[in-house]
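Here's the structure we're looking at; comments come further down.
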Amino acid sequence: MAAETVPPLAPKGLDAQGFIEREGSLGRIPQPFRPVVAAARDRVPALFGPRLHSAYLYGSIPRGTARVGRSDLDLLLALRDEPTDADREGVRELGEALDKEFPQIDGAGTLLYSRARLLSDLERHDLGWFVACLCTPLLGDDLAEYLPRYRPDSLLARETNGDLALLLPRWRERLKAADSDETRTRLVRFLSRHLVRTAFTLVMPRWNGWTSDLAEMAEVFAAYYPERAEQLRAAAVLGHAPTADPAVLRAYVDDLGPWLADEYTRVHGTKTLRA
């Protein structure tokens, strides 16, 4: 059971009415990353033309915390219709080209969705919240204008990260297929971040605040689950500086992940199933 203590970090990330404030802005982009963002802003419309509804940045670059040579470029694109396999291949190629051209980033990835899906009732407290609170408008009409304000409540926790139990079998398959240090390192980075964020949203309603900083997330979680504190602190570190150690991945899928999935279901329930 969780031990209720006073968190070491005061709640933050909310406005005066208790809604999650949108993080990031174009003004916070560190100078070394501005040419990368400018290139993306120029090239994305060429891929989709009038089918592009809007484009967004998210992650460390618009938050102003990106590190040269270590951070990646994260984009989300909203199309006026459903994306195709050819569309996904196009953004993959764009990401590869940007990564090759700009050494200040370590990879570039793009999420691609239709406007209808992002504004759907099913995604209101998952992708919709992501756009409204964690994405910085780059091009087009901002979809946040059509979405509600969000509080750090149990509904938001359930719909954002309440599917960990479904993800674990896929993660185990990815671990089995990870046959190189490079692959394992990338997998450690991905799983570390996902687990820390899930652990944080587990306690987010009790803390009543928001942060995207992995170390802060781990510290907030630690106040409520001290018996798992060191695991989360270690995962937060590995989210920035991953290792290729397969023992880390096994611990994630055999111990921390299953425990967190069970506790998440107990506290918040299960995320609404997607088709």
Side-chain angles (χ1 to χ4, degrees), residues 1-9 11-13 20 125-127 129-130 134 150-178 183-274:
M1 295 293 290
E4 295 289 344
T5 61
V6 178
L9 298 172
K12 57 187 283 190
I20 297 175
H125 286 82
D126 189 6
L127 290 176
W129 163 77
F130 184 76
L134 305 189
Y150 296 89
R151 298 184 186 276
D153 56 19
S154 186
L155 172 61
L156 184 61
R158 186 189 76 213
E159 291 304 306
T160 53
N161 289 307
D163 57 352
L164 182 56
L166 296 177
L167 296 176
L168 284 170
R170 304 178 205 171
W171 290 2
R172 293 187 180 103
E173 290 303 312
R174 290 182 65 180
L175 173 55
K176 290 178 183 178
T183 302
R184 284 189 291 270
T185 298
R186 290 187 177 276
L187 191 55
V188 166
R189 181 177 185 267
F190 171 77
L191 297 190
S192 296
R193 292 183 173 209
H194 195 113
L195 290 171
V196 172
R197 288 165 180 159
T198 302
F200 168 73
T201 53
L202 170 64
V203 302
M204 174 185 67
R206 281 178 277 179
W207 189 55
N208 193 35
W210 175 260
T211 177
S212 283
D213 183 275
L214 294 179
E216 288 183 349
M217 286 180 165
E219 288 306 317
V220 172
F221 170 85
Y224 299 98
Y225 293 90
E227 69 278 13
R228 293 279 178 171
E230 291 311 309
Q231 283 181 294
L232 256 292
R233 289 178 180 130
V237 171
L238 291 172
H240 290 299
T243 175
D245 186 355
V248 172
L249 292 168
R250 287 194 296 270
Y252 284 170
V253 300
D254 294 336
D255 176 38
L256 180 58
W259 172 83
L260 185 55
D262 289 344
E263 184 66 3
Y264 215 100
T265 299
R266 185 187 73 80
V267 174
H268 298 301
T270 303
K271 182 175 182 176
T272 305
L273 289 175
R274 270 61 172 163

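Counting from 1, the numbers follow the sequence of the chain as shown.
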With side chain to side chain contact (heavy atoms under 4.5 Å, CB included) as the test, would you mind laying out the steps for Val196 and Phe221 before giving the verdict? CA-CA 9 Å; Val196 172; Phe221 170 85; over 6 Å; no
Step by step, work out the side chain to side chain contact (heavy atoms under 4.5 Å, CB included) result for Trp129 and Glu159. CA-CA 10 Å; Trp129 163 77; Glu159 291 304 306; over 6 Å; no
If you measure only the distance, is there a donor-acceptor pair under 3.5 Å linking the side chains of Asn161 and Thr201? yes
Using a 4.5 Å cut-off on heavy atoms from C-beta on, say whether the side chain of [Y] contacts that of [X].
X	Y	value
Met204	Leu156	yes
Thr185	Val188	no
Val248	Leu191	no
Trp210	Pro11	no
Tyr264	Leu164	no

Salt bridge check: are Asp126 and Lys271 linked by an N-O gap of less than 4.0 Å? yes
Between Arg233 and Glu216, does any NZ, NE, NH1 or NH2 come within less than 4.0 Å of an OD or OE carboxylate oxygen? no
Would you find more than 12 non-hydrogen atoms of other residues, nucleotides or ligands less than 6.0 Å from Arg172 atom CZ? yes
Main-chain N/O of [Y] paired to [X] side chain as donor or acceptor, under 3.5 Å:
X	Y	value
Asp163	Leu166	no
Arg189	Pro242	no
Arg228	Pro226	no
Arg158	His268	no
Trp207	Leu9	yes

Is there a side chain to side chain contact (heavy atoms under 4.5 Å, CB included) between Thr160 and Phe130 once you walk through the steps? CA-CA 9 Å; Thr160 53; Phe130 184 76; over 6 Å; no
Applying side chain to side chain contact (heavy atoms under 4.5 Å, CB included), run through His240 and Leu214 and close with a yes or a no. CA-CA 9 Å; His240 290 299; Leu214 294 179; 3.8 Å; yes
